[in-house]
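Structure first, commentary second.
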Amino acid sequence: MCRTLSGFPTTCLERAKELKTRLGIFLHKSDLGCDIGRAGKLELSSKHSKDRNFSEDVLGWKESFDLLLSSKNGVAAFHAFLKTEFSEENLEFWLACEEFKKIRSATKLASQAHRIFEEFVRCEAPKEVNIDHETRELTRTNLQAASATCFDVAQGKTRTLMEKDSYPRFLKSSAYRDLAAQAAATAPAQPAGDNTSEPSHT
């Protein structure tokens, strides 16, 4: 099994480069358009192939929505796809909420809560997310005593919407299917019958 770049045959390296090039085209360096810190840095990491097999990362996106959201490149690819459907505000809101929960300053928490509400939650917001009236009003009430959990209900409903609606379409998109096919071709093949739990027959 190839474990380092030096261990890859030339054809394997060439296919990996082609895969990363295709992902770069697919992502076209999407800009989230809002200040969401590290989660908003969508460019490919040069260390990515060293930290985790790039092909396994791409193939993992179809295993679960959680795996997609836990991958920086997965988030970037999903965001690029959502932009084609004009529904990127849902992911941007989810990411903004994730960053919001990390805030420790009460003053900053309150100001960011109002900024997120004005940008994503209120009626006629610039990037209004698709949530019901009750959730919108509950979130408005939560802002009166802003805490790290004041967007939890709205964030949860937005996540569910993406997982049940946009995520399946993303997996069926020609862009992802093409990328996944190349990732599968690039990933090192597991030896047949390789099971460490079974005794070796020598």
Side-chain angles (χ1 to χ4, degrees), residues 23 26-48 50-52 57-58 60-61 63-171:
L23 181 59
F26 180 49
L27 302 184
H28 55 76
K29 294 185 178 179
S30 300
D31 180 7
L32 290 187
C34 58
D35 181 19
I36 55 174
R38 289 186 301 275
K41 296 180 181 178
L42 303 182
E43 67 275 7
L44 296 181
S45 169
S46 60
K47 296 181 180 179
H48 185 84
K50 298 178 182 178
D51 298 337
R52 182 179 180 185
D57 186 35
V58 172
W61 302 346
E63 297 301 320
S64 76
F65 192 48
D66 284 330
L67 283 177
L68 175 70
L69 292 180
S70 67
S71 163
K72 184 175 68 173
N73 289 323
V75 168
F78 188 48
H79 183 260
F81 169 76
L82 291 177
K83 289 189 76 171
T84 68
E85 295 199 331
F86 305 100
S87 61
E88 67 270 20
E89 69 279 352
N90 293 320
L91 180 61
E92 291 177 11
F93 171 64
W94 186 87
L95 290 168
C97 289
E98 288 297 288
E99 290 301 303
F100 174 76
K101 293 174 184 177
K102 299 174 184 179
I103 299 173
R104 294 294 173 260
S105 165
T107 301
K108 187 175 181 182
L109 196 72
S111 64
Q112 285 294 94
H114 283 86
R115 185 192 68 79
I116 291 173
F117 184 86
E118 287 298 312
E119 186 172 4
F120 296 103
V121 182
R122 70 172 175 82
C123 288
E124 306 298 328
K127 298 180 180 181
E128 184 181 351
V129 293
N130 186 9
I131 55 176
D132 57 85
H133 176 72
E134 290 75 14
T135 301
R136 202 180 308 278
E137 290 308 305
L138 172 63
T139 306
R140 186 193 304 277
T141 300
N142 289 343
L143 291 188
Q144 295 175 9
S147 69
T149 62
C150 67
F151 292 107
D152 280 4
V153 176
Q155 184 189 20
K157 293 198 173 186
T158 301
R159 185 194 185 284
T160 298
L161 179 64
M162 289 191 294
E163 184 174 16
K164 292 184 176 181
D165 187 33
S166 304
Y167 175 58
R169 290 201 303 276
F170 167 71
L171 296 181

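Computed over heavy atoms, backbone and side chain alike; hydrogens, waters and symmetry mates excluded.
Here the shortest heavy-atom pairing between H114 and L143 reads CE1-O, 4.0 Å. Closest heavy-atom contact between R136 and C123: CD-SG, 3.7 Å. Closest non-hydrogen pair, L91 versus V75, comes out as CD2-O, 3.7 Å. The two atoms that bring E124 and E128 nearest to each other are N-OE1, 2.9 Å, heavy atoms only. Across all non-hydrogen atoms, the minimal contact from Q112 to F100 is CB-CD1, 3.9 Å. What you find for S71 and W61 is that their closest heavy atoms are OG-NE1, 3.2 Å.
Here NE2 of H79 is found 11.0 Å from OG1 of T84. Values are rounded to the nearest 0.5 Å. Summarising the geometry, atom CG belonging to L68 is positioned 5.5 Å from atom CZ belonging to F170; distances are rounded to the nearest 0.5 Å. If you take CD1 on I131 and OG1 on T139, they are separated by 5.0 Å, rounding to the nearest 0.5 Å. In this structure, CZ on F65 lies 11.5 Å from CG on L67, to the nearest 0.5 angstrom. Atoms CG and CZ, from N130 and F93 in turn, are 12.0 Å apart once rounded to the nearest 0.5 Å. Between atom CD of residue E137 and atom CG of residue D132 there is a gap of 10.5 Å, rounded to the nearest 0.5 Å.
Annotation: side chain of R159 is in contact with side chain of D66 (closest heavy-atom distance under 4.5 Å). Side-chain contact between E92 and F120 is present, with heavy atoms from C-beta onward closer than 4.5 Å. Side-chain contact between M162 and F78 is present, with heavy atoms from C-beta onward closer than 4.5 Å.
In the displayed structure, K108 atom NZ is contacted under 6.0 Å by at most 12 heavy atoms of other residues, nucleotides or ligands.
Salt bridge E88/K83: absent, no basic N to carboxylate O contact under 4.0 Å. With respect to E118 and R115, no salt bridge is recorded, no charged nitrogen being found less than 4.0 Å from a carboxylate O.
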Could you give the side-chain donor-acceptor pairs of residues 146-153 under 3.5 Å, partners two or more places apart or in another chain?
{"unit_1": "S147", "atom_1": "OG", "unit_2": "T149", "atom_2": "N", "d": "3.4"}
{"unit_1": "S147", "atom_1": "OG", "unit_2": "T149", "atom_2": "OG1", "d": "3.1"}

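When K157, R140, Q155 are each tested for a side-chain contact (heavy atoms from CB on, under 4.5 Å) with T135, only one passes: K157.
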